[in-house]
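Numbered from 1 within each chain, the chains take letters A, B, ... in sequence-line order.
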2 protein chains.
Amino acid sequence: MAIRPADQIIHKAAWLYYTHGMRQDQVAQQLNISRASVAMYLRKARETGIVNISTSTQLFTDDVLAREIEDAYGLDAVWIAPHGDLVDQAAEVPVLASSVFLELVKKGDRIGVAWGQTVYAIADVMAYADLQDVTVVQLCGNLGAPFAYRPDQCTMEIARRLNAKGLNFYAPLVLSTEALAEELRNEPVIREQLAGISDCDLALYSIGTVDGESHVVKCGALTSAEMDALRRAGAAGVVAGQIIDAKGALLDCSYNRRCISADLDSLRAISKRLVVVQEPNKFEPLLAGLAGGLCTHLVISADMARRLLDQARAASRRKAS
Amino acid sequence: MAIRPADQIIHKAAWLYYTHGMRQDQVAQQLNISRASVAMYLRKARETGIVNISTSTQLFTDDVLAREIEDAYGLDAVWIAPHGDLVDQAAEVPVLASSVFLELVKKGDRIGVAWGQTVYAIADVMAYADLQDVTVVQLCGNLGAPFAYRPDQCTMEIARRLNAKGLNFYAPLVLSTEALAEELRNEPVIREQLAGISDCDLALYSIGTVDGESHVVKCGALTSAEMDALRRAGAAGVVAGQIIDAKGALLDCSYNRRCISADLDSLRAISKRLVVVQEPNKFEPLLAGLAGGLCTHLVISADMARRLLDQARAASRRKAS
DNA sequence: CGGGAAAATTGACTTTTGTCAGCGGCCGTG
DNA sequence: CACGGCCGCTGACAAAAGTCAATTTTCCCG
């Protein structure tokens, strides 16, 4: 909490340079150090979030397509990463998402974070910030897979970037029997963490696919064959490690009952639910999530936006006829 | 709300430069314009709040003196503008205050703003920001004095800087009879505005002196002689144009009854009350404000901080003996 | 308390950014 | 339709910032 004495000089340099608009040589003179050091301190200030530089994401919400999707799906806000006229579209989604995320966070917030490649990609490009009274909580249990994008890593990395407190979940995501999962959920430590999820101000997650490429399969929570069976039983997407059906409801299956993760109602109790979808093959999972009311704020690519809108129009035509 | 087509390019340039970290020549190439134009757009982006650069104010809260004052007066946070080792101390207070203010504001907030030289000085050095869903409301009636720091100007200037909505108060601050003031307060428009004050998330004000130099005297709301009389009757400070006594309660006097301004209870209902004191002669007024619970967040100079702490210590010694 | 490794700092050089006069297109006006 | 004024853009130069190898300082450890 307290500033380390060594960092004091960084704060001073940043204040004089950015707030007072002094030049680096003036700052150097004022602090009796070389200009090169000032340049270095300023870089550190930016890197650690002592100085925050953020760009409005209005460019990406202010768009007819985005408005139409907001209306069609009843969302609070939609951001669309445009086609390659700027930069690579797919890569743009996490960058945009991390800006949007930082725009939505405010001091004192409690933030729920799920996991997966998309979430980790967002964490990875996220700017550092100085949000010491923010708490980042993990939305579901862990798994031991050697992937950077596993639940605890996602939570930790985001907490680190924000200089926030990270609250990890010390339980496995999935257990071998339903009874054990139930028992564990009733353990005070775990119960408390699960209960705290609905107190979050903001949640961040993506929606997973239900095929062999799904992160739950890659991490070994389910075999590819089991996933195929679940898909035949109506699985449409994955949210915080749990399987949902096309209506966005929790699929009634043993796997879900063996999971320790955020209750969907708890997620819906969070006022800002930021869903980010990067891969083009996540169309159906995303529809499921939208149907289930799991999303209030959405970041997607232009292609995906197009498909969502077409879908909504087709649906309303069907209803009209 | 919508981005003007001409501003689109500014957003794009800012996004590529600040978020993607491209160099100006790369941005220029990407957007098919000259690098000089990019430099110009970037300046505009910074000036209009499309890009936001903010520096942590931790340096000024993270200080034993600040902590001691927090404890002694039960405040949420205190910031202290240090002695001249950095820059001019008095001039630093508004600069620091405007940074603190911007740190405390968040999207969707409703902000109450009073008036006076200090408040206007803060507005004047405030960085531009892009907070379009913020509302800035005037905390008290107006007066026609030809000063830049009058109530409507303070409100408007802050709203302009934030790109927020400004809600002015179209009633005089002080009327000639109590009856008329009472009648006016009951007018739906005015009543509504007064009622809306307690819904604010954040308030910004200074505390005025009760002498001939007071802004209420300079602006002609009171004569110097009337002020002297009020002082003898127990006046200790001015908050949003109203006179308070040493305990921080509204002074029982005709002037106050003729005022159209925020009820002190409404002010206390606002969760963050940022009080900024710049001039050294505002020590007693500040004590009155603190006594009345009108302050939760405080920005002062190092000298003032010293005096506050000495006062608190003297008071506790007196109590102990 | 000396020696050595690691970290911090700096001077000198390179790259990047800021600025401004001047050019050219656009629009309203005579 | 020609003219003048205005605004926005650009090229070229000046100023500022970034970088890195060399040097100094700090901090262990024997």
Handout entry: Rounded distance in Å - CZ (B:Arg23) to P (D:dG18)
Key = 13 Å
Problem - Value in whole Å for how far the P atom of D:dA12 lies from CE of B:Met40 - result: 19 Å
Practice task
Return no unless some side-chain N or O of A:Gln26 is found under 4.0 Å from OP1 or OP2 of D:dA16.
Solution key: no
Handout entry: Close side-chain approach of B:Leu42 to B:Val51, heavy-atom, < 4.5 Å
Key = no
Fill in the blank from the handout: Closest of D:dA17, C:dT17, D:dT10 to the B:Ala36 side chain is D:dT10
Handout entry: side-chain N/O A:Tyr41 vs C:dA8 OP1/OP2, d < 4.0 Å
Key = no
Exercise for the section: Return no unless some side-chain N or O of A:Arg35 is found under 4.0 Å from OP1 or OP2 of D:dG18. Expected result: no
Exercise for the section: Establish, with yes or no, whether the OP1 or OP2 oxygen of D:dG18 is under 4.0 angstrom from a side-chain nitrogen or oxygen of A:Gln24. Expected result: yes
Exercise for the section: Name the residue closer to the 5' end of DNA chain C, choosing between B:Ala39 and A:Ile33 according to the nucleotide with the nearest heavy atom. Expected result: A:Ile33
Exercise for the section: Measure from the side-chain N and O atoms of A:Gln278 to the backbone N and O of A:Pro94, and report whether any donor-acceptor pair falls under 3.5 Å. Expected result: no
Handout entry: Salt bridge flag under 4.0 Å for residues A:Glu47 and A:Lys44
Key = no
Fill in the blank from the handout: Test ring pair (Phe, Tyr, Trp, His ring centres under 6.0 Å), reference A:His215, set A:Tyr205, A:Tyr120, A:Trp115, output is A:Trp115
Practice task
Please work out if B:Leu42 contacts a base, only the sugar-phosphate, or nothing of the nucleic acid, heavy-atom cut-off 4.0 Å.
Solution key: nothing
Practice task
For A:Lys44 and D:dT19, give me the distance from atom NZ to atom C1', rounded to whole Å.
Solution key: 15 Å
Practice task
Could you state the atom-to-atom distance from CD of A:Glu47 to P of D:dG18 in whole Å?
Solution key: 11 Å
Fill in the blank from the handout: Checking D:dC9, D:dC20, D:dA17 against the side chain of B:Ser37 (C-beta onward), the nearest is D:dC9
Handout entry: Nucleotide C:dT16, atom C1' - distance to CE of B:Met22 in whole Å
Key = 16 Å
Handout entry: Among C:dG18, D:dG18, C:dT9, the one nearest A:Ser34 by side-chain distance
Key = C:dT9
Practice task
Identify which nucleotide among C:dG18, D:dG11, D:dC9 has an atom closest to any side-chain atom of B:Arg46, counting heavy atoms from C-beta outward.
Solution key: C:dG18
Problem - Charged N-O contact under 4.0 Å between A:Asp109 and A:Lys106 - result: yes
Handout entry: Atom pair distance, as rounded to whole Å: CD1 in B:Ile53 and P in D:dA17
Key = 12 Å
Handout entry: Distance, rounded to the nearest Å, where A:Arg43 contributes CZ and D:dT19 contributes P
Key = 6 Å
Problem - B:Asp25 CG - C:dT15 P separation (whole Å) - result: 12 Å
